[in-house]
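The first residue in the sequence is number 1, and the count goes up from there. In listed order, ligands and their atoms are each counted from 1.
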Amino acid sequence: MIDLHIHTTASDGTVSPTGVVRMAKKAGLAAIGVTDHDTVDAIPEFLRECTAAGIEGVPGIEVGVEHEPGIMHLLGYFIDPDSRQLLDLLEIIGRDRVRRMEGIVERLVGLGVKILPEEISVEAGTAPPGRPHVAILLRNRGVVGSIEEAFVRYLREGSPAYQARVKPTVAEAIEVIDGAGGIAVLAHPISLGLEGGELYGVLRDLAEQGLTGVEVYYPTQEQACREELLRIARSLSLAVAGGSDFHGDVKPDFTIGVGRGDLEIPDSVLHELKRRCRSKKEQGR
Ligand code: AMP
Ligand code: ZN
Ligand code: FE
Ligand code: FE
């Protein structure tokens, strides 16, 4: 069993890179992928600990891209964390995340929530600051009772403290992942909010732009959704991926390896992704 979608304290997870490897070892996983939002900072420690634990480690990333409708995230697997092109993009995104956080704080203050930008910096540490860091702070302060409530009342799109941020286009993100020697996979297609012909159409466009795979196994994608995605993947020759989107306390119902209990991702999923990456390299990408 494997889990190819895991966040750490390098982004908005609450467990360190070393911690997630220990949890994966305990869960008996053969391989795991770390996919922090817009950062590769966890990768060196993560790979070291995987080697020490005798688990196969996959270096990855998750990048939000511009898309209407819904939310589109791309996963990049087998990326070189030293890729200049990748680091340049992450630098731009990181700077914009800091700018956007100032806007969120300003709005919260306007809503009567007393919060300082420095408090967000402390919560985020060296991570690119994200809304989950704000949500944790609001919960710890007792402003809200849960992370979910923080998103609903303040942070999600349409709520009063929401602020947009700069996102690369699909083409840019795929090019950068490619340039870093990786393969691009569409994360949790359910977040696009599409089905049937519309979902197929978006995936076909992505495949034409160089997408290699699609995340079929994901906690909130039920069996019928997984089956639909498997059918689409087969007809578009896309590889299949899957993972728990583990974040620790930020998403307490997503458990490493099993998601909400029913994830069971076979090792063959990783074999195929590796094969796709190799064949891309052989074809000069
Ligand atoms: P940001 O990257 O700052 O735009 O924040 C987006 C991240 O917040 C997502 O990738 C999720 O990890 C998390 N998130 C979004 N909505 C929720 C929610 N309702 N509850 C908990 N976490 C959420
Ligand atoms: Zn996250
Ligand atoms: Fe995501
Ligand atoms: Fe994620």
Side-chain angles (χ1 to χ4, degrees), residues 2-17 19-20 23-24 32-43 46 58-67 69-77 79 90 93-94 97 100-101 104 120 123-137 139 146-148 150-151 155-157 162 165 167-168 170 173 177 182 184-194 202 206 211 213-221 225 229 241-260 263 265:
I2 63 173
D3 184 340
L4 300 178
H5 192 153
I6 295 175
H7 295 268
T8 76
T9 43
S11 66
D12 58 2
T14 58
V15 180
S16 69
V20 300
M23 292 176 81
I32 53 174
V34 79
T35 53
D36 277 311
H37 302 282
D38 304 326
T39 176
V40 292
D41 285 356
I43 291 176
F46 168 74
V58 176
I61 193 161
E62 182 172 19
V63 181
V65 295
E66 243 174 67
H67 192 262
I71 294 166
M72 186 183 279
H73 291 174
L74 294 180
L75 298 160
Y77 288 122
I79 48 158
L90 300 184
I93 297 174
R97 278 181 171 277
R100 171 247 217 166
M101 208 41 86
I104 292 180
I120 308 282
E123 191 54 52
T126 56
R131 288 176 288 165
H133 299 116
V134 184
I136 288 174
L137 198 65
R139 185 203 54 192
S146 67
I147 305 284
E148 193 52 39
F151 272 91
L155 299 170
R156 73 177 179 194
E157 194 166 349
Y162 176 76
R165 61 182 184 83
K167 291 179 190 135
V170 167
I177 290 167
V185 168
L186 177 66
H188 44 67
I190 196 168
S191 72
L192 296 171
L194 301 172
V202 168
L206 290 172
L211 189 82
V214 53
E215 192 172 50
V216 169
Y217 305 100
Y218 187 80
T220 58
Q221 292 174 178
C225 174
L229 289 167
S244 66
D245 210 1
F246 176 75
H247 276 74
D249 290 348
V250 174
K251 296 186 182 181
D253 57 332
F254 290 7
T255 304
I256 248 175
V258 296
R260 286 178 166 165
L263 280 187
I265 305 160

Tell me the closest heavy-atom pair linking [X] and [Y], and the distance in Å.
{"X": "Val250", "Y": "Pro132", "value": "CG1-CB, 3.9 Å"}
{"X": "Thr14", "Y": "Thr9", "value": "C-CG2, 3.7 Å"}
{"X": "Ala184", "Y": "Leu211", "value": "O-CD1, 3.6 Å"}

Using the side chain to side chain donor-acceptor pair (under 3.5 Å) criterion, which residues pair with Ser146? Sequence neighbours excluded.
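None.
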*Among all residues two or more places apart in sequence or in another chain, which pass the side chain to side chain donor-acceptor pair (under 3.5 Å) test with Tyr218?*
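Side chain to side chain donor-acceptor pair (under 3.5 Å) list for Tyr218, sorted by chain: Asp245.
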- Is the His37 to His247 ring centre distance short of 6.0 Å?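 Ring-ring flag for His37/His247: true, centres closer than 6.0 Å.
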Notebook entry, point to check: Below 4.0 angstrom, N of the basic side chain to O of the carboxylate: do Arg165 and Asp38 qualify?
Noted result: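 Judged by the 4.0 Å cut-off on N to carboxylate O distance, Arg165 and Asp38 do form a salt bridge.
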Listed protein N/O/S atoms, distance to the Fe ion (ligand 3) under 2.8 Å
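Listed by chain and number, the nearby protein N, O or S atoms are Glu62 OE2, His73 ND1, His188 NE2.
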*Does any N or O in the side chain of Asp36 come within less than 3.5 Å of the main-chain N or O of Thr8, such that one atom is a donor and the other an acceptor?*
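Yes; at least one donor-acceptor contact below 3.5 Å.
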*2.8 Å shell around the Zn ion (ligand 2), exclusive bound, protein N/O/S atoms*: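 Counting protein N, O and S atoms closer than 2.8 Å to the Zn ion (ligand 2) gives 4.
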Verdict with reasoning, His73 to Glu62, per side-chain hydrogen bond (donor to acceptor under 3.5 Å, both in side chains): CA-CA 6 Å; His73 291 174; Glu62 182 172 19; 3.0 Å; yes
